[in-house]
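Working notes, structure below.
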2 protein chains.
Amino acid sequence: MGIIRKTESVEILLNEFQDTETALSTVELIKRLGKQINKTTIYRVLSKLEDDGVLHSFLGFDGVKRFARCKTCSKSNHSDVHPHFQCVSCGKTECLDIEVNIPELLNREVMFSQLLIKGKCNLCAV
Amino acid sequence: MGIIRKTESVEILLNEFQDTETALSTVELIKRLGKQINKTTIYRVLSKLEDDGVLHSFLGFDGVKRFARCKTCSKSNHSDVHPHFQCVSCGKTECLDIEVNIPELLNREVMFSQLLIKGKCNLCAV
DNA sequence: CTTATATTTGCAACTTAGTTGCATTAACTA
DNA sequence: TAGTTAATGCAACTAAGTTGCAAATATAAG
Ligand SMILES: [Mn+2]
Ligand SMILES: [Mn+2]
Ligand SMILES: [Zn+2]
Ligand SMILES: [Zn+2]
């Protein structure tokens, strides 16, 4: 079930994802917006934005959910599948605009895959 | 800090990983062994076995930690990096003996990567 | 502009994976 | 066999995420 009304919470949250390919964790958003929006609402709005194809989500190495803007998705067509990169130094997590081809697996039906890369981002690498 | 003494808990847990490439979640192991071994001990022994290079771990799509036997690792050399497959029907999670090459990322230093594939396993596929 | 209705929100209480401190027990060594 | 130290069990805790419900608010009709 997606978003029906353009509330303040929705606008504040959408704003956080403007002009960035960076993924934001729920923990981060609650820390940042917890005084303006209740954490339950934050979880609910994020989940609705994901249903609508506005955001996509994945789990970081710490098991915490992260959200990032979708580029080419809609409510009916969620096709935003790409690797994610998490920096061990600054913690920044980014979407990567690259294709990774998954090899065929005999006897198995592949439905979805996620690649998570750990390392040092462009700012933190030596 | 790895394992120093061969206790009953260690043997029971090691036994669960015999003769299988299947990964077992902490939740599964606690459900299965919770009457013989305290859950705290289960977590602690698993972590030590990982330090020793006997097991390796990763997070499933549900965010729950899973462990599986290492093939070629030791305390000093943890080189067991491979994709994992999680079945949406039966929940079974397996290590995949395939190589996936990660493309170079300019300006970034790649330290580690994990590929998690969701689908239907050989038994559950049509 | 006012009202009716359905959606959204905040709050408190809850669930669950995982961790910690500490006293007790058990494995190994001498 | 006794002493040392690692390992265990227990209870209490942490933290991410969820749920039920009453109060608030966006939206559309009148
Ligand atoms: Mn992304
Ligand atoms: Mn594996
Ligand atoms: Zn960085
Ligand atoms: Zn299966």
Side-chain angles (χ1 to χ4, degrees), chain A residues 1-17 23-68 75 84 86 91 93 114 116, chain B residues 1-17 23-68 75 84 86 91 93 114 116:
Chain A
M1 181 195 66
I3 282 182
I4 295 176
R5 297 183 181 174
K6 290 267 166 61
T7 65
E8 209 186 331
S9 309
V10 172
E11 286 193 9
I12 292 173
L13 274 163
L14 273 179
N15 219 39
E16 295 291 320
F17 292 95
L24 300 171
S25 72
T26 51
V27 174
E28 228 168 322
L29 287 166
I30 289 168
K31 203 179 295 170
R32 211 183 281 182
L33 306 172
K35 269 135 201 166
Q36 303 173 65
I37 317 175
N38 182 273
K39 74 167 182 173
T40 309
T41 304
I42 293 177
Y43 280 112
R44 288 195 275 224
V45 170
L46 289 171
S47 164
K48 286 179 180 177
L49 288 171
E50 188 173 20
D51 286 346
D52 286 341
V54 177
L55 300 179
H56 62 279
S57 74
F58 59 96
L59 300 181
F61 283 105
D62 52 6
V64 171
K65 208 170 187 178
R66 278 140 217 274
F67 289 85
K75 201 169 309 196
H84 293 99
Q86 189 169 350
T93 307
Q114 65 168 53
L116 191 55
Chain B
M1 181 194 68
I3 281 182
I4 294 175
R5 298 181 181 174
K6 289 267 167 58
T7 65
E8 210 186 332
S9 309
V10 172
E11 284 191 9
I12 293 172
L13 273 163
L14 273 179
N15 219 38
E16 295 292 318
F17 292 95
L24 300 171
S25 71
T26 50
V27 174
E28 227 168 320
L29 287 166
I30 290 168
K31 203 179 294 168
R32 210 184 281 182
L33 306 172
K35 270 135 201 166
Q36 303 173 66
I37 316 177
N38 182 274
K39 76 167 179 171
T40 309
T41 303
I42 293 177
Y43 280 113
R44 287 196 274 224
V45 169
L46 290 172
S47 163
K48 286 179 182 178
L49 288 171
E50 188 173 19
D51 287 346
D52 287 340
V54 177
L55 301 178
H56 62 279
S57 75
F58 58 96
L59 299 181
F61 283 103
D62 52 5
V64 171
K65 207 170 189 180
R66 280 140 217 275
F67 289 84
K75 202 169 308 195
H84 292 99
Q86 190 169 350
T93 307
Q114 64 168 54
L116 191 54

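Only a predicted model underlies this, so the values are computations on that prediction, with no experimental measurement involved. All chains are named by letter (A, B, ...) in the order of the sequence lines, taking the proteins before the strands, and each is independently numbered beginning at 1.
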[X] [atom1] to [N] [atom2], straight-line distance once rounded to whole Å:
X	N	atom1	atom2	result
Lys31(A)	dA15(D)	NZ	P	11 Å
Lys39(B)	dT8(D)	NZ	P	16 Å
Ile30(A)	dC11(C)	CD1	P	14 Å
Arg66(A)	dA16(D)	CZ	C1'	12 Å
Leu46(B)	dT19(C)	CG	C1'	14 Å
Arg5(B)	dT29(C)	CZ	C1'	9 Å
Gln36(B)	dA26(C)	CD	C1'	17 Å
Ile12(A)	dG10(C)	CD1	C1'	14 Å

Could one point to a donor on the side chain of Arg44(B) or the base of dG18(C) with an acceptor on the other under 3.5 Å away?
->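 In this structure, the two groups form no donor-acceptor pair.
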With a cut-off of less than 4.0 Å, is there a side-chain N or O of [X] near OP1 or OP2 of [N]?
X	N	answer
Thr41(B)	dG9(D)	yes
Ser9(B)	dT8(D)	yes
Thr7(B)	dT8(D)	yes
Thr26(A)	dA16(D)	no

[atom1] of [X] to [atom2] of [Y]: how many Å apart, nearest 0.5 Å?
X	Y	atom1	atom2	result
Leu33(A)	Glu28(A)	CG	CD	10.5 Å
Thr93(A)	Asp62(A)	OG1	CG	7.5 Å
Ile12(A)	Thr7(A)	CD1	OG1	8.5 Å
Ile42(A)	Arg32(A)	CD1	CZ	10.5 Å

Residue pair Leu29(A) / Leu46(A), side-chain heavy-atom distance below 4.5 Å |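 Yes; the side chains approach each other to less than 4.5 Å.
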Close side-chain approach of Thr26(A) and Val64(A), heavy atoms under 4.5 Å | yes
Closest-nucleotide ordering on DNA chain D, the 5'-leading residue of Asn38(B) and Ile4(A) = Asn38(B)
Would you write the dot-bracket representation of DNA chain C, where each base gets (, ), [, ], | or . depending on whether it forms a Watson-Crick or G-U pair under 3.5 Å and with which partner?
-> ||||||||||||||||||||||||||||||
Pick out which of Arg66(A), Gln114(A), His56(A) makes a side chain to side chain contact (heavy atoms under 4.5 Å, CB included) with His84(A).
->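 By the side chain to side chain contact (heavy atoms under 4.5 Å, CB included) criterion, His84(A) pairs with just one of Arg66(A), Gln114(A), His56(A): His56(A).
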When you get a sec, tell me which of dG10(C), dT8(D), dG9(D) is the closest nucleotide to the side chain of Ile37(B)?
-> dG9(D)
Using the closest heavy atom to pick a nucleotide of DNA chain C for each, name whichever of Lys6(B) or Leu59(B) lands nearer the 5' end.
->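 Between the two, 5'-proximity favours Leu59(B).
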